[in-house]
Amino acid sequence: MINKLVIVGVGLIGGSLAMALRQAGAVKEIVGVGRSWENLETALQLGIIDRIETSLAGAARDADVIVLAVPVAAMQPAMQELAPHLSVGTIVTDAGSTKRDVIAYARKHLPNHITHFVPGHPIAGAEKSGAAAAFAGLFQGRNVVVTPLPENDAEAVSKISSMWQTCGAIVNSMPALQHDEIFAAVSHLPHLLSFALVEDIAFRANAKELFSYAAGGFRDFTRIAGSHPEMWRDICLANRDVLIREIDTYHSQLDRLRRMLEQNDGKALEEVFGHARTARAEWLEGKQDS
Ligand code: NAD
């Protein structure tokens with residue numbers, strides 16, 4: 001049971017966490033803090049939070065758990081502001097999509113509280129944002145990665161893992177670099193490619209005509225280009241070293257396909273497409289099993 005839960009950034013992720021914990025009867029009071037008053041009012045009206053706090057200092061008082069669910073670059077000023085007001089036993093965690101940057105901010109701004117800062121990342125989401133998009137079932141059956149620090153208090157890590165499990169999630173633990181490398185490949189690169197394709201089409205002279213004929217394939221490939229630009233700016237910049245390597249790898253794959261086209265090599269193309277189709281089918285099958 002969490003007596004006082006503070007959500008900093010009551011958007012899709014923070015709001016959904018609050019709703020899931022409330023639905024599970026695992027929290028007494030939920031306090032929301034954020035940048036947009038309108039969004040906090042929405043969260044209050046929807047019953048996602050019990051009350052709004054205007055300052056992090058006020059919100060931090062006697063909190064059991066503080067969840068940072070703002071875009072990753074906004075975690076740094078939030079930690080800076082929180083630091084002088086944290087009580088000894090308060091656990092601080094985050095939901096950021098990148099981990100090395102958030103951990104570096106915590107080491108810099110929360111050095112006296114580092115035992116109780118537990119980094120996390122729920123692998124669930126959508127291209128929608130804000131409190132109105134939140135729903136209690138978001139984390140049901142989904143993975144949450146925690147990247148605990150060597151300094152972490154074991155009980156704090158266990159409490160954060162239990163918090164996510166209470167929301168129906170499966171908790172995995174791994175080092176922050178491994179996390180950032182994995183998600184650069186399977187999340188950050190696909191988002192970048194999706195944004196790039198839409199940008200490319202949108203600024204062509206015949207964009208209107210192209211969009212008018214774009215159908216299911218284009219819609220599927222570009223769904224994630226509907227994601228929040230600020231959030232994705234922060235993620236791409238925070239993980240840019242690894243993401244640049246992923247872009248280079250992808251580039252080599254495109255060069256390979258380009259050569260096959262130049263050489264009119266249908267057999268090689270079909271082989272690549274076949275491998276990819278099988279790999280995707282096996283991945284989807286594995287997902288259904290889990
Ligand atoms: P969101 O836009 O729905 O919510 C973010 C909230 O933070 C908003 O309410 C916004 O008003 C508030 N906010 C933004 N900047 C702020 C600031 N400087 N100070 C205080 N409040 C601020 O975004 P989200 O999808 O809930 O993402 C939140 C975090 O979760 C991000 O770090 C993101 O990387 C991570 N995440 C997102 C997804 C996803 O698919 N959406 C998945 C996993 C993790």
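As the structure lists them, so they are numbered: ligands from 1, and atoms in each ligand from 1.
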Does the side chain of V31 come within less than 4.5 Å of I49's, by heavy atoms? no
Can you confirm whether I114 sits close enough to P150 that some side-chain heavy atom of one is under 4.5 Å from a side-chain heavy atom of the other? no
Quick check: H179 with F183 (ring centres under 6.0 Å apart)? yes
Less than 4.5 Å apart, any side-chain heavy atom of H191 and any of S187? yes
Using a strict 4.0 Å threshold on nitrogen-to-oxygen distance, state whether D265 and R256 make a salt bridge. no
Any protein N/O atoms within less than 3.5 Å of an N/O atom in ligand 1? List the atom names and distances, or say none.
{"from": "ligand 1", "atom 1": "3 (O)", "to": "L12", "atom 2": "N", "distance (Å)": "2.9"}
{"from": "ligand 1", "atom 1": "3 (O)", "to": "G130", "atom 2": "N", "distance (Å)": "2.7"}
{"from": "ligand 1", "atom 1": "9 (O)", "to": "N39", "atom 2": "ND2", "distance (Å)": "3.0"}
{"from": "ligand 1", "atom 1": "15 (N)", "to": "R35", "atom 2": "NE", "distance (Å)": "3.4"}
{"from": "ligand 1", "atom 1": "21 (N)", "to": "R35", "atom 2": "N", "distance (Å)": "3.2"}
{"from": "ligand 1", "atom 1": "26 (O)", "to": "L12", "atom 2": "N", "distance (Å)": "3.2"}
{"from": "ligand 1", "atom 1": "26 (O)", "to": "I13", "atom 2": "N", "distance (Å)": "2.8"}
{"from": "ligand 1", "atom 1": "30 (O)", "to": "A95", "atom 2": "O", "distance (Å)": "3.4"}
{"from": "ligand 1", "atom 1": "32 (O)", "to": "V70", "atom 2": "O", "distance (Å)": "2.7"}
{"from": "ligand 1", "atom 1": "34 (O)", "to": "S97", "atom 2": "N", "distance (Å)": "3.3"}
{"from": "ligand 1", "atom 1": "34 (O)", "to": "S97", "atom 2": "OG", "distance (Å)": "2.7"}
{"from": "ligand 1", "atom 1": "36 (N)", "to": "S97", "atom 2": "OG", "distance (Å)": "3.3"}
{"from": "ligand 1", "atom 1": "40 (O)", "to": "A126", "atom 2": "N", "distance (Å)": "3.4"}

Holding to salt bridge (Lys or Arg N to Asp or Glu O under 4.0 Å), I want the full list of residues that pass it with D50, two or more places apart in sequence or in another chain. R22
